[in-house]
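Note on naming: letters A, B, ... go to the chains in the order of the sequence lines (proteins, then strands), and numbering restarts at 1 for each one. If you're wondering where the values come from, they're calculated on a predicted model, not measured in any experiment.
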There are 2 protein chains.
Amino acid sequence: MSMQKITIKKIAKLANISTATVSRAINNPELVAEETRHKVMEILHKYDYTPNHLAKGLVSGKSQTLSLLTPKEGNFFNAFYFRETFLGITVSAASRGYNILIDQSLTQTGDIIKSRFPVDGYIIVSPSEDDPFVKKLEEKKFPAVLVNRRSSSLSWVDLDNQAAAEEAVNYLIDQGHTDIVAVAGKRNVKNSCDRLQGYKSALKVNGILYNEKYVIYGDFSEETTYIELKKLLTKNENITAVFAFNDLMAIGAMKAIRESGKKLPRDISVVGFDDMPPASYMSPSLTTIRQPFYLMGYQASRFLIDIIEKKDQAPLKREFEGELVLRGSAGPVLKK
Amino acid sequence: MSMQKITIKKIAKLANISTATVSRAINNPELVAEETRHKVMEILHKYDYTPNHLAKGLVSGKSQTLSLLTPKEGNFFNAFYFRETFLGITVSAASRGYNILIDQSLTQTGDIIKSRFPVDGYIIVSPSEDDPFVKKLEEKKFPAVLVNRRSSSLSWVDLDNQAAAEEAVNYLIDQGHTDIVAVAGKRNVKNSCDRLQGYKSALKVNGILYNEKYVIYGDFSEETTYIELKKLLTKNENITAVFAFNDLMAIGAMKAIRESGKKLPRDISVVGFDDMPPASYMSPSLTTIRQPFYLMGYQASRFLIDIIEKKDQAPLKREFEGELVLRGSAGPVLKK
DNA sequence: TATAAGCATGTAAACGATTACATAAATTGG
DNA sequence: CCAATTTATGTAATCGTTTACATGCTTATA
């Protein structure tokens, strides 16, 4: 029935020694006589013994487990980038002997937690700016790493959004574009603000005047972008490029452009952000900024484990660079 | 420092009662006097007490945790459907108060496990036919549910692959197609065999002769499909439809068709399998079989928890139906 | 009024490991 | 050869809970 019947006590009885010696044979072999150790190991193997992590954790105060917290509203779980980030986190944790615990009851609502594993640390993906649980962790200085958000007192990994946006816009300018629409997200979202900052500074560096009318505040959705951009295009014939702050909005933009009777990318270029899986399969394929999701997840685990094992002092911080992936949706502006 | 300092013992001391009474106040309130219970609850709340799951698990023998095992070779983690399956599993588990543990060290290699949480059950996604760990679970009758594989002694959830394939091929036949290529996966893979069976039976029911030459054994990859189908198309001018056993191979097929100078779907129709995210964004968008990944994950958790809590006896089995999603890559055959 | 039943609480063992401390045997050194 | 040190092992407490059993008190029953 149970797979977890063989305890250290039984092993001890079988070997005619104390549990302490068995424990030592396993964890501190150098403290045990060659002969005894051999006998123990043999029995251990024969009975397929596996230590009980619960008991171990109880006495050591460490559970070798990291909690992965994700926003409830599906931003993360529903996001295409979930897989990559998640993979990075788990692979990195596994290589250091840590388990990942998914605790859906504990999300950014900050509810009082009913029952919880005493995990060694938290990885929190895309928490909101005022997440109460993050605040709690900041106060208590409990081991934690934020992904996709920053904090002065907690560790984090995040993209350099401004630089990435700057790169995208620079590319468009290099291709001869000057009338570039920015499709931003919601006004108060940090990521979006940073990317807008990058957009602005690229324009400035290249001596192009910032035009407020060329900024659409979408809600990160395909639909809103489609509606808003379509309006904008009818009013402004000069527009030759669109930089959307995520790929979904880029898709909405492409739809609007097509329905306005323009050709992609001949008349209007589009650059997205994220490089989600469909990006390379669309037609034209989408030029976009790729985020190193896997690496960010991997690094997050590493940071957290380093902190837990005191190999490093919190807070650890790391900014990743986005990479502009050139595909078919953006090209040079046509001379008139 | 630690967020887990307040123990039941301290609460007991503060309330001037025994730990037993505190425990009862929490878990069996009806056994405790109104007044005492109130006092305890107050202190509990004031000190933000959260029970230690490790200790609880140790004494109860249950950890309220399910282990999610996934093939090491990235079949699962790298698969686009990971997100949905995973989401279903975790949401369902959370609603019943269970945690999900990701233990990357324990995969289908069947290695001896060094240290492991005594989880209450296992959800194993896409294990190979001869996975030794699955075999072990089958012998020990330990609570477990397989996803995307079947077993006579363990519970499972899986797609009715044959029926789904039959539906796809029936659709093509209804559109007038008779010369339909099947792009199968590797020969020994169960899923692939079942789908091929569905392909054959649809032909048979509709009185179309099965032609061995119309079956390509790919390796589930885009590239191989592209190469093999291109060869086949040059030899057989009659082919008007292709049914690929996954979307990736469908993409390879589309490429081959285009390069053979044919138009999609006018000259040749393509139907895929899986409905991966890019499917709806391609052009033409891909007609394909959608698998209810979310539901399958959800059901897997439910089964497992029912078994653990003895609400049901193993093995529980459930076959899900695929859904044919009509899009732009397949249409009626043109009359000559 | 004695006895049984019911209620509220306490005592202490148990879950499966680790580890400080104690002890006994073996080895070393002067 | 005896004291000091080292080595191997055992004893028992501990981690934070739960729970069987015991205890004492109140209330109902005959």
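Partners of B:Ser301 under the side chain to side chain donor-acceptor pair (under 3.5 Å) rule, at least two apart in sequence or in another chain, do not exist in this structure. Legend: residues meeting side chain to side chain contact (heavy atoms under 4.5 Å, CB included) with B:Ser18, ordered by chain and number and at least two apart, are B:Ala20, B:Thr21. For the side chain to side chain contact (heavy atoms under 4.5 Å, CB included) test, residues two or more places apart in sequence or in another chain that qualify with B:Pro292 are B:Leu159, B:Leu295, B:Met296, B:Phe320. Partners of B:Asn16 under the side chain to side chain contact (heavy atoms under 4.5 Å, CB included) rule, at least two apart in sequence or in another chain, do not exist in this structure. Listed by chain and residue number, A:Asp194 satisfy the salt bridge (Lys or Arg N to Asp or Glu O under 4.0 Å) test with A:Lys190 (two or more places apart in sequence, or in another chain). With sequence neighbours excluded, the residues satisfying side chain to side chain contact (heavy atoms under 4.5 Å, CB included) with B:Arg150 are B:Trp156, B:Asp158, B:Glu319.
The shortest distance between the side-chain N/O atoms of B:Asn52 and the OP1/OP2 oxygens of D:dC15 is not below 4.0 Å. Proximity of B:Lys56 to the phosphate of C:dC15: no side-chain N or O atom is located under 4.0 Å from OP1 or OP2.
In summary, the aromatic rings of A:Phe293 and A:Phe86 are positioned with their centroids too far apart to meet the 6.0 Å limit.
Remark: C1' of D:dT17 and CD1 of B:Ile6 are 16 Å apart, rounded to the nearest angstrom. Regarding A:Leu54, its CG atom lies at a distance of 15 Å from the C1' atom of C:dT18, rounded to whole Å. Look at CD1 on B:Ile8: it is 8 Å from C1' on D:dT18, rounded to the nearest Å. We find that CD of B:Glu35 is positioned 11 Å from P of C:dA8, with the value rounded to whole Å. D:dT17 atom P lies 10 Å from atom NZ of B:Lys10, rounded to whole Å. For the pair B:His53 NE2 and D:dT18 P, the interatomic distance rounds to 10 Å; values are reported in whole Å. Distance B:Lys13 NZ to D:dG16 C1': 14 Å, rounded to the nearest Å. The separation between B:Glu30 atom CD and C:dA8 atom C1' is 13 Å, rounded to whole Å.
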| said: Show, in sequence, the C-alpha distance, side-chain angles and deciding distance for B:Asp48 and B:Ile6, and conclude whether the side chain to side chain contact (heavy atoms under 4.5 Å, CB included) test is met. | reply: CA-CA 8 Å; B:Asp48 200 15; B:Ile6 304 99; 5.6 Å; no
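Across its full length, the helix from C:dT1-D:dA30 to C:dG30-D:dC1 shows an angle of 50° between the axes of its 5 terminal pairs at either end, rounded to 10 degrees.
Nearest-nucleotide positions on DNA chain C for B:Ala55 and A:Ser60 put B:Ala55 closer to the 5' end.
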Pairs under 3.5 Å (N/O, protein and nucleotides 9-14 of chain C):
{"residue": "C:dT9", "atom": "OP1", "partner": "B:Thr36", "partner atom": "OG1", "Å": "2.4"}
{"residue": "C:dT9", "atom": "OP2", "partner": "B:Ala33", "partner atom": "N", "Å": "2.9"}
{"residue": "C:dT9", "atom": "OP2", "partner": "B:Thr36", "partner atom": "OG1", "Å": "3.2"}
{"residue": "C:dG10", "atom": "OP2", "partner": "B:Ser18", "partner atom": "N", "Å": "2.8"}
{"residue": "C:dG10", "atom": "OP2", "partner": "B:Ser18", "partner atom": "OG", "Å": "3.0"}
{"residue": "C:dG10", "atom": "OP2", "partner": "B:Thr21", "partner atom": "OG1", "Å": "2.8"}
{"residue": "C:dG10", "atom": "N7", "partner": "B:Arg24", "partner atom": "NH2", "Å": "2.8"}
{"residue": "C:dG10", "atom": "O6", "partner": "B:Arg24", "partner atom": "NH1", "Å": "3.2"}

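The list of salt bridge (charged side-chain N to carboxylate O under 4.0 Å, His left out) pairs with a residue in residues 22-38 of chain A, not counting sequence neighbours, reads A:Glu34-A:Arg37.
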